[in-house]
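Read the structure below first, then the notes.
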There are 2 protein chains.
Amino acid sequence: MEQPAAANKPLYLRMKEDLLRRVQSGEWRPGELIPSENALAAEYGVSVGTARKAIEELADERLLVRQRGRGTTVAMHTHRQEVLRHYRLMTKDGERVNEETSYLDVASARASSTEAKVFGVNRGTAVTRVRRLRLYAKQPVVLEFLSLREDVLPGVGALIRATQPEVLYALLEREYHIIIAKVSEKIMAVKAEAEDTEALGVRAGEPMLEIERVAYDLNGRAVERRIMRARNDTYYLSEFA
Amino acid sequence: MEQPAAANKPLYLRMKEDLLRRVQSGEWRPGELIPSENALAAEYGVSVGTARKAIEELADERLLVRQRGRGTTVAMHTHRQEVLRHYRLMTKDGERVNEETSYLDVASARASSTEAKVFGVNRGTAVTRVRRLRLYAKQPVVLEFLSLREDVLPGVGALIRATQPEVLYALLEREYHIIIAKVSEKIMAVKAEAEDTEALGVRAGEPMLEIERVAYDLNGRAVERRIMRARNDTYYLSEFA
DNA sequence: ACACGTCAATTCTATATAGAAATAAAGATA
DNA sequence: TATCTTTATTTCTATATAGAATTGACGTGT
């Protein structure tokens, strides 16, 4: 059964979808207060209980943050990342890996066939490619290759060069009002190549973790693709309850 | 009504914790219907709204399953696993790996120091060790080493030998009323050893994924430890939203 | 045997209300 | 100036109620 018009869905769901739309549209930006439940209930012509339920579901999905006595804000990436634990690469002694970041190069290019595929665009579309290192205790631990869609993020290369951000998704949020809502990662075991030897000092042929990540915005649009090659003394942590 | 001075936690939270306790205790078993929200509200002397909120939170945590018109049941592992996607190892073409399981050996042993550490017991405590293979398209893909606490699961070795279960956690639920509520996994890249060559046919020294899993029950007690060594044409999938 | 309608039980949606608890800003006081 | 008090705002807790939607069991009729 396909959903007909927005019709006979429950009120609170239709309201929730509209609130989501308003966040997507940039009407309310990350960090900003949205109207109170009373105000929203009045605006939508529903009871506060119904408005509450719509808001609460978005808060459960960590798109909104409620604070008693203060109000409801749109979640910022810095807040979401803590809960979602986007950074799951750990050192052997259980510390997070992204202590420091060192950018190697930022360049514009034409999308390869794999990039085109994950982004759902034509081959040759403009992308920005970034190479950088993640350091822990002053030692390079992870070598990263980023690809970003220039059609969605115009001028992102210059921005990255200028600001060298520690957390890319916070920059996307701040500068482009794009909220990364979902991330998918494939973890594989691979052999170290010459490039890994040079950047990380691992011996060629040694096993390494390779992680391919695709990041999606609120609309489910793939925005960034990333390949991470991690030194052998790190592990990937995955917990679910 | 006013706050009964007992504990300063909200009513619905205390009720929720008591419901959790009753599931843990085995009073309501996986698959069974628990009393309706009306009945529970009456029993606890609270309004249906409050009872509803307690039940709803446990349903959000996937410990309970609500069905309109039918009632509320304790979630069975088979239901939870779908949602939690416990099986995240995939073949290159995106299929789940655990199509078929072949048991190699089941034996009793004394806990090694690492086993003792993860289980929080003394070294030498009795454990059951299991070796088995996961197959896909008739080919062995993953080699698994399981350790189970015999103090918590008496006679589990014999049970496994007899039933050769496809899904271990369903057996724990059925036979011991132990619900696996949390799982933690460390993923590493390692070199293939002789044992991997023999069992999986991978060349010695080739990179493989090694996953160390610890499974916890509702009380947070570590019940099982598992090491999985996966052939190179598989990957580990991790999604979070 | 089989289809159909009825009915009770259960969760879900929606509304309304009252007071508690936390927060932030404005105001009062030393 | 600095600190305490008050006040308004907002979310959170708790109760109460009415009807809709879904399910499963029961009974009836053909």
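Within the 3.5 Å criterion, the main-chain N or O of A/E173 finds no donor-acceptor partner in the side chain of A/R29. Put simply, the side chain of B/R161 gets close to the backbone of B/V106: a donor and an acceptor are under 3.5 Å apart. No side-chain donor-acceptor contact under 3.5 Å links A/Y176 to the backbone of A/L171.
Each of A/G45 and B/I55 was assigned the nucleotide of DNA chain C with the nearest heavy atom; the assignment lying further toward the 5' end belongs to B/I55.
Side-chain proximity of A/S47 to C/dT11, C/dA14, D/dT13: nearest is C/dA14. Candidate nucleotides D/dT11, C/dT13, D/dT15 were compared by shortest atom distance to the side chain of A/S36, and D/dT11 ranks first. Nearest to the side-chain atoms of A/L11 among the listed nucleotides C/dT11, C/dA14, D/dT13 stands C/dA14. Nearest to the side chain of A/R66, among D/dC12, C/dC12, C/dA14, sits D/dC12.
Remark: P of C/dT11 and CG of B/L64 are 11 Å apart, rounded to the nearest angstrom. At whole-Å resolution of the value, CG in A/N38 and P in D/dA8 are 16 Å apart. Atoms OH (A/Y44) and P (C/dA14) sit 15 Å apart, rounded to a whole Å. Distance, A/E37 CD to C/dT17 P: 15 Å, rounded to whole Å. Counting to the nearest Å, the P atom of D/dT13 and the NZ atom of B/K16 are 11 Å from each other. Look at CD1 on A/I34: it is 18 Å from P on D/dT9, rounded to the nearest Å. As rounded to whole Å, 14 Å separates atom C1' of D/dT15 from atom CE of B/M15. Here the P atom of nucleotide C/dC12 and the CG atom of A/L13 are 13 Å apart, to the nearest Å.
Counting any heavy atom pair closer than 4.0 Å across all strands shown, B/V46 reaches sugar-phosphate atoms only and no base atom.
In summary, the side chains of B/Y236 and A/S238 do present a donor paired with an acceptor at a separation below 3.5 Å, with no hydrogens or angles considered.
Regarding contacts with the backbone of C/dA14, every side-chain N or O of A/K53 stays at 4.0 angstrom or more from both OP1 and OP2. Look at B/T72 and you'll find a side-chain N or O under 4.0 angstrom from OP1 or OP2 of C/dT11. A close approach under 4.0 Å does not occur between any side-chain nitrogen or oxygen of A/R52 and OP1 or OP2 of D/dT11.
Between the CG atom in A/L63 and the CG atom in A/L19 there is a gap of 9.5 Å [rounded to 0.5 Å].
Each salt bridge (Lys or Arg N to Asp or Glu O under 4.0 Å) pair with one or both residues in residues 66-78 of chain B, not counting sequence neighbours, appears once here: B/E37-B/R66.
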Protein heavy-atom contacts under 4.0 Å, written 5' to 3' over nucleotides 18-23 of chain D as B (base), S (sugar-phosphate only) or - (none), form the string ---BBB
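Residues A/T50 and A/K53 fail the side-chain proximity criterion, which asks for heavy atoms closer than 4.5 Å.
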